Amino acid sequence: MSQKIFLRDDEIPRQWYNLQADMPTPLRSPLGRDGKPIGPEDLASVFPMNLIEQEISTERWIDIPEEVLDAYSLWRPSPLYRATEFERALGCPVKIYYKNEGVSPAGSHKPNTAVAQAYYNKAFGIKRLTTETGAGQWGCALAMACARFGLECKVFMVRISFEQKPFRRLMMGVWGGNCVPSPSQETQAGRNVLARAPDTPGSLGIAISEAIEQAIEDPNTRYALGSVLNHVMLHQTVIGLEARKQMERVNAYPDIIIGCAGGGSNFAGLAFPFVLDKIHGKEIDFIPAEPKACPTLTRAPFAYDHGDEAGMTPLMPMHSLGHKFIPAPIHAGGLRYHGMAPLVSRLAMDGLLRPQSYHQRECYEAGILWARTEGFIPAPETSHAIAAVVAEARKAKEEGKEKTILFNWSGHGLLDLIGYDRFMRGELQDVELSEEELRDCVRCMDSHPRP
Ligand SMILES: *Cc1c(COP(=O)(O)O)cnc(C)c1O
């Protein structure tokens, strides 16, 4: 029997699943500068109204537009695999299934929301999108999507990644995107940071401030965010909806669902359609996997905080290390964000998730074992999910239990080989946020209201 479980082209889900319809505890509204809940109009200079409506919608099912389905059909439905060789290498009583989101044009799950956001902006009459990117995955996804829908694309790329990872910025160029290192001299937010810390490695929080500043200044420009927001989680549910059908096809159901968590979107995309089962009493263990250098869900408080360094975004109720937090320059650039999706944070607060954190070297070890058994080279972000799979498989062996694990293989690492090389040369350190650093970085939220 094939280890690869395909769906037919006409089995791409035609609706996204909106967990906001079923949250055990509904989300609290974001707050404006005055500390009062904000309304849709307050976001109108940053996002198009059709996406703002999705952001606050509590409709359970939302139709996927035909134009977006057409774009999806380039790489969707994505294959689900059983990782038999990896299972054999581990020698634990587990069945491991994974959803391969590395087959998209940009090489990760991010195009699932990029094509949707480009479509809705285009439909609203917008000409240009600005955004931030860490490792470059989101910038690539958005540049590809903007090219497809005829929009201009401006990307602020975290400086450390811009320097360490030139290939994704070159890909953005091929798709017609304009990518600059952040902090830059092009915005007030960037100039402020550079004046204070000229050698900063940059952070996603800073890059977001720059992108929003440019969007607000021009009525034909809007901002696109690759994770964190409710509408991004919504678009990513196409992953979990497909995975459900594929698991059914082989009569399997997961005991454990795993995804790496930066802003939470690939985890949410796989998990949310199954979270509904857990709310209705099924026993599933959900594990968002994050770096010990940026332990948002495992150690940060649930607070009201800004999504960006300059404090331009509304305050969102989420786990946050503080909007001024600049994480150690680990190679998993996509997991270096200070905050976490409010929907994922809320589920964690309600005890529905079991977040775990891992050291960068155990992740590379897991990623290399993966490549040598299953063939595909995972992104450094994805290797955090694989480290979680390894840990859970060993635990199953110790407990003498058989488990079925499903995880999101969020992207390939073919453009992240420098990190692998440095790991194999023994040049990488494990960095763990200290108690003292944690106390310092959360202090910037002291004046914010409590959720
Ligand atoms: C961006 C990215 C992530 C982290 O972002 P989430 O929103 O948490 O999914 C994980 N894996 C890959 C390959 C990425 O590109």
Side-chain angles (χ1 to χ4, degrees), residues 78 98-114 117 131-144 155 157-158 161 165 167-168 171-172 204 207-208 224-240 257-272 286-291 294-297 307 318-319 327 330-345 348 353 355 357-358 363 367 370 376-388 407-416 419:
S78 71
Y98 71 100
K99 188 76 168 144
N100 188 346
E101 291 296 308
V103 297
S104 75
S108 77
H109 64 287
K110 293 206 171 76
N112 296 332
T113 185
Q117 292 191 46
T131 197
E132 78 296 330
T133 195
Q137 294 270 26
W138 170 240
C140 279
L142 196 68
M144 185 274 290
V155 180
M157 184 166 184
V158 176
S161 298
K165 304 188 168 183
F167 290 104
R168 286 211 177 82
M171 283 169 75
M172 289 177 225
L204 279 173
I208 294 175
L225 186 57
S227 189
V228 180
L229 299 178
N230 303 337
H231 66 269
V232 179
M233 307 297 127
L234 173 78
H235 301 153
Q236 294 293 356
T237 58
V238 68
I239 303 171
I257 292 182
I258 294 172
C260 61
S265 75
N266 88 84
F267 168 77
L270 179 65
F272 282 7
F286 291 98
I287 305 180
E290 59 185 17
C294 192
T296 317
L297 278 169
M318 61 181 178
H319 286 85
I330 54 164
H331 278 273
L335 306 183
R336 294 177 70 246
Y337 183 61
H338 69 270
M340 182 56 59
L343 282 168
V344 173
S345 295
L353 313 180
S357 64
Y358 302 93
C363 296
W370 183 274
F376 295 108
I377 298 179
E381 292 85 0
T382 309
S383 72
H384 286 69
I386 302 174
F407 82 99
N408 202 0
W409 204 85
S410 56
H412 70 68
L414 296 179
L415 301 173
D416 306 286

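Counting starts at 1 for both ligands and their atoms, following the listed order. This is a predicted model, so every value here is computed, not measured. Computed over heavy atoms, backbone and side chain alike; hydrogens, waters and symmetry mates excluded.
- Residue-level proximity to ligand 1 for Leu335 is carried by the side chain, the only part with a heavy atom below 4.0 angstrom.
- In summary, the atoms of ligand 1 found under 4.0 Å from a heavy atom of Gly411, numbered by their order in the structure, are 13 (C).
- When the options Gly134, Ala341, Ser265 are ranked by their closest heavy atom to atom 6 (P) of ligand 1, first place goes to Ser265.
- Summary of contacts: the protein heavy atom closest to atom 7 (O) of ligand 1 is Ser227 OG, 2.5 Å.
- Ser410 OG, 3.4 Å is the protein heavy atom nearest to atom 12 (C) of ligand 1.
- For the pair His109 and ligand 1, a heavy-atom separation below 4.0 Å is found.
- One finds the CD1 atom of Ile330 at 8.5 Å from the CD atom of Glu381 (value rounded to the nearest 0.5 Å).
- The shortest N or O to N or O distance between Gly263 and ligand 1 is under 3.5 Å.
- Using modelled atom types, one finds a donor on one side chain and an acceptor on the other under 3.5 Å when comparing Glu101 with Asn112.
- Remark: side-chain polar atoms of Thr133 are paired, donor with acceptor, to backbone N or O of Gly139 under 3.5 angstrom.
- Listed by number with element, the atoms of ligand 1 under 4.0 angstrom from any heavy atom of Gln137 are 13 (C), 15 (O).
- Tyr98 and Phe376 have perpendicular rings, their planes meeting at more than 60° on a 0 to 90° scale where under 30° would count as parallel.
- A side chain to side chain contact (heavy atoms under 4.5 Å, CB included) with Val232 holds for exactly one of Leu229, Asn230, Leu234; it is Leu229.
- Among protein heavy atoms, atom 1 (C) of ligand 1 sits closest to Lys110 NZ, 1.4 Å.
- Counting heavy atoms from C-beta outward, Ser357 and Pro291 have side chains that stay 4.5 Å or more apart.
- Close approach to Glu381 involves these atoms of ligand 1, each under 4.0 Å from a residue heavy atom: 10 (C), 11 (N), 12 (C).
- Residue Ala261 has at least one heavy-atom neighbour below 4.0 Å for each of these atoms of ligand 1: 8 (O).
- Residue-ligand proximity, Cys260 to ligand 1, at heavy-atom distances under 4.0 Å covers atoms 10 (C), 11 (N).
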Exercise. Could you go step by step and tell me if Ser410 and Thr382 meet the side chain to side chain donor-acceptor pair (under 3.5 Å) rule?
Worked result: CA-CA 6 Å; Ser410 56; Thr382 309; 2.7 Å; yes

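- In summary, the aromatic rings of Phe407 and Trp370 are positioned with their centroids under 6.0 Å apart.
- Protein heavy atom closest to atom 8 (O) of ligand 1, with residue, atom name and distance, is Gly262 N, 2.6 Å.
- Of the candidates Ser108, Gly264, Gly334, Pro380, the one placing a heavy atom closest to atom 4 (C) of ligand 1 is Gly334.
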